[in-house]
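Whatever order the structure lists ligands and atoms in, that order sets their numbers, starting from 1. Reckoned from all heavy atoms, side chains included, excluding hydrogens, waters and symmetry mates.
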Amino acid sequence: MNKKNMAVYPGSYDPLTNGHIDIIQRGLKIFDKIIVAVLKNPAKTYLFDLDERCQMLRDVFQDPDKIEVDHFEGLLVDYVKRRGVTTIVRGLRAISDFEIEFQMALMNRKIEPRIETIFFVPPESYSYLSSKLVKEIYMLGGEVSSMVPPIVDRKLKEKFRRQG
Ligand code: PNS
């Protein structure tokens, strides 16, 4: 496959939400293949370890020709270069995302000018959805089944041994 038709969608995916899935589906309207790259940052504490985060993604996306699940450590642009890809995909939910995303896109371009960042905008109904809030709502006893795929909902239940 021509690497120009591929893009890397990096993130923590702790855990995957319906918002991520929406961005991947939008990405596939433009790219033939999206590499979902899960960050392993040893300095960060995750709810789900790297294997769990990758496995949930692989359970949801079962067409590796179109959606490949991989992981990376270190600089994103180094990983993207290693994969021979030149486009990074990110989602832009709200103005609050803009500042940090703009900063990251410009910094990544400064380090590696040949790599472009493309932003996709989710529907408004996902504009307030984030992995962080999903975890918080779940931990405080709330319902998240409309915000994450069923496998992630199940894994959250397993993690906290919550019934039904
Ligand atoms: O899902 P997230 O946590 O918003 O994703 C953030 C991510 C993984 C895209 C960002 O933290 C990242 O690229 N980390 C890799 C380290 C790196 O390259 N840092 C410099 C960015 S300018």
Which protein heavy atom lies closest to [atom], and at what distance to 0.1 Å?
atom: atom 5 (O) of ligand 1; value: Arg90 NH1, 3.3 Å
atom: atom 20 (C) of ligand 1; value: Leu75 CD2, 4.1 Å
atom: atom 10 (C) of ligand 1; value: Met104 SD, 3.9 Å
atom: atom 14 (N) of ligand 1; value: Leu39 CD2, 3.9 Å

Protein non-hydrogen atom below 4.0 angstrom of atom 12 (C) of ligand 1 present: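 When distances to the protein are checked, atom 12 (C) of ligand 1 has no heavy atom within 4.0 Å.
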Classify the ring geometry of His20 against Tyr13: parallel below 30°, tilted from 30° to 60°, perpendicular beyond 60°.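 Tilted, since the angle between the ring planes falls between 30° and 60°.
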Parallel, tilted or perpendicular for Phe102 and Phe98, by the 30°/60° rule?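 Taking Phe98 first and then Phe102, their aromatic rings lie parallel (interplane angle under 30°).
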Find out if a path of hydrophobic residues (ILVMFWY) with successive side-chain heavy-atom gaps under 4.5 Å connects Ile115 to Val89.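 No, Ile115 and Val89 fall in different hydrophobic clusters.
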Consider side-chain contact (heavy atoms from CB on, under 4.5 Å). Of Ile67, Val60, Val148, which one does Ile21 pass it with?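 Between Ile21 and the candidates, side-chain contact (heavy atoms from CB on, under 4.5 Å) is satisfied uniquely by Val60.
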Short list, please: which atoms of ligand 1 are under 4.0 Å from a heavy atom of [X]?
X: Met107; answer: 22 (S)
X: Gly74; answer: 15 (C), 16 (C)
X: Asn108; answer: 21 (C), 22 (S)

Polar proximity ligand 1 side, Ser12 side, N/O cut 3.5 Å exclusive: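 Min N/O separation from ligand 1 is below 3.5 Å for Ser12.
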Flag Leu76 as yes when one of its N or O atoms lies below 3.5 Å from any N or O atom of ligand 1, and as no otherwise.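 Looking only at distances, the answer is yes, because the N/O contact criterion of under 3.5 Å is met.
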Could you check whether any side-chain heavy atom of Glu124 comes within less than 4.5 Å of a side-chain heavy atom of Arg93, counting everything from C-beta outward?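 No; the side chains remain at least 4.5 Å from each other.
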Evaluate the criterion salt bridge (charged side-chain N to carboxylate O under 4.0 Å, His left out) for residue pair Lys155 and Glu52; output intermediate values, then yes/no. CA-CA 9 Å; Lys155 288 283 173 199; Glu52 289 174 311; over 6 Å; no
Is the NZ or CZ atom of Arg53 positioned over Tyr46's six-membered ring, under 6.0 angstrom from the centre and within 45° of the axis?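 Arg53 over Tyr46 ring: yes.
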